[in-house]
Participant: 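This is the structure I want to talk about, given as structure tokens.
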Amino acid sequence: MKNGYVYFLANKRNGTLYLGVTSNLQQRVWRHKEGIDEKAFSKKYGVKQLVWYEAHDDIAEAIKREKAMKKWNRQWKLRLIEAMNPQWNDLYQSL
């Protein structure tokens, strides 16, 4: 069984949000920050700050959670981020 993570990236406080899922959070966020994927949403909109994440024991559960969260309205997403990270700090260095 492989671990999974659901995460939000932002370009600034209350700015553009990107919701993603991965089995390797540190590596995936690094790829976003470096702009490795030329046509990626995160590169186009400058979404590089890790502002929220959630760990799961199973990647399948993380994928299920991400799919459900994609249906959420923006206010729910903002409340979730604010509960974990009220200052909208970049959490990447703390991984």
Side-chain angles (χ1 to χ4, degrees):
M1 202 177 320
K2 200 170 196 180
N3 290 346
Y5 300 88
V6 183
Y7 63 95
F8 276 114
L9 299 177
N11 61 350
K12 62 182 179 181
R13 184 183 192 121
N14 296 317
T16 303
L17 296 176
Y18 174 85
L19 175 63
V21 65
T22 185
S23 61
N24 186 331
L25 186 60
Q26 190 170 17
Q27 180 183 44
R28 185 67 186 122
V29 174
W30 179 83
R31 290 180 65 85
H32 285 294
K33 286 182 172 294
E34 295 297 315
I36 302 287
D37 303 317
E38 287 295 320
K39 296 180 182 177
F41 177 93
S42 58
K43 182 169 184 170
K44 182 177 180 180
Y45 293 96
V47 183
K48 297 180 178 182
Q49 290 178 253
L50 177 65
V51 294
W52 177 89
Y53 66 92
E54 181 178 86
H56 293 264
D57 292 333
D58 181 7
I59 188 68
E61 285 299 315
I63 292 168
K64 185 177 173 183
R65 172 80 161 151
E66 182 217 21
K67 286 181 180 181
M69 289 175 70
K70 285 194 182 260
K71 297 176 185 174
W72 288 14
N73 70 49
R74 182 174 171 83
Q75 284 306 113
W76 296 352
K77 295 172 185 177
L78 295 176
R79 273 186 252 157
L80 188 67
I81 293 166
E82 296 268 343
M84 177 186 195
N85 186 5
Q87 300 302 316
W88 288 66
N89 295 322
D90 188 350
L91 304 174
Y92 178 71
Q93 297 301 325
S94 65
L95 294 178

Participant: Quick one: NZ on Lys77 to CD on Glu82, what's the gap to the nearest 0.5 Å?
Facilitator: 15.0 Å
Participant: Gln93: which residues meet the side-chain contact (heavy atoms from CB on, under 4.5 Å) condition with it, sequence neighbours left out?
Facilitator: none
Participant: Between Asn11 and Gly46 (side chain of the first, backbone of the second, donor and acceptor by atom type, cut-off under 3.5 Å), is there such a pair?
Facilitator: no
Participant: Do Met84 and Tyr53 touch side chain to side chain, with heavy atoms closer than 4.5 Å?
Facilitator: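 Contact flag for Met84/Tyr53 side chains = yes.
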Participant: For residues Ala10 and Leu17, report the shortest heavy-atom separation together with the two atoms involved.
Facilitator: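 Scanning both residues completely, I find the closest heavy atoms to be CB-CD2, 4.0 Å.
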Participant: Given side chains that start at C-beta, do those of Ile36 and Trp30 come closer than 4.5 Å, heavy atoms only?
Facilitator: yes
Participant: How many angstroms lie between CG in Asn3 and CG in Asp58, if you round to the nearest 0.5 Å?
Facilitator: 8.5 Å
Participant: Roughly how far, to the nearest 0.5 Å, is the CE atom of Met69 from the CH2 atom of Trp76?
Facilitator: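 The distance works out to 11.0 Å.
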Participant: Hey, are the side chains of Lys67 and Val21 touching, using non-hydrogen atoms and a 4.5 Å cut-off?
Facilitator: no
Participant: Looking at Trp72 and Arg65, what are the two nearest heavy atoms and their distance?
Facilitator: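 Minimum heavy-atom contact is CZ2-NH1, 3.6 Å.
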Participant: So Phe41 and Tyr45, would you call those rings parallel, tilted or perpendicular, with 30° and 60° as cut-offs?
Facilitator: tilted
Participant: Which one of Val29, Val51, Leu50 satisfies the side-chain contact (heavy atoms from CB on, under 4.5 Å) criterion with Asp90?
Facilitator: Leu50
Participant: Examine distances only and state if a side-chain atom of Arg13 and a backbone atom of Pro86 form a donor-acceptor pair shorter than 3.5 Å.
Facilitator: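 Indeed, once roles are kept as given, a pair shorter than 3.5 Å links the two residues.
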Participant: Do Val6 and Glu61 have side chains that approach each other closer than 4.5 Å (heavy atoms only, starting at C-beta)?
Facilitator: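 The answer is no, as the side chains (C-beta and beyond) never meet within the 4.5 Å cut-off.
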Participant: With rounding to the nearest 0.5 Å, note down the distance linking CG in Leu9 to OG1 in Thr16.
Facilitator: 11.5 Å
Participant: Which heavy-atom pair separates Tyr5 from Ser23 by the least distance, and what is that distance?
Facilitator: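 Residues Tyr5 and Ser23, closest heavy atoms: CE1-O, 3.9 Å.
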Participant: Counting only heavy atoms not in Lys64 (residues, nucleotides, ligands), do more than 12 fall under 6.0 Å from its NZ?
Facilitator: no
Participant: Check whether any side-chain heavy atom of Leu80 lies under 4.5 Å from a side-chain heavy atom of Glu54, and answer yes or no.
Facilitator: no
Participant: Among Glu66, Arg28, Gln27, which residue meets the side-chain contact (heavy atoms from CB on, under 4.5 Å) test with Thr22?
Facilitator: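 Considering Glu66, Arg28, Gln27, a side-chain contact (heavy atoms from CB on, under 4.5 Å) with Thr22 is found only for Arg28.
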Participant: Are the aromatic ring centres of His32 and Tyr92 under 6.0 angstrom apart?
Facilitator: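 So the answer is no for these two rings.
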Participant: Assess the residue pair Leu91 and Tyr7 against the criterion (side chain to side chain contact (heavy atoms under 4.5 Å, CB included)); give the C-alpha distance rounded to whole Å, side-chain angles, the decisive distance to 0.1 Å, and a yes or no.
Facilitator: CA-CA 11 Å; Leu91 304 174; Tyr7 63 95; over 6 Å; no
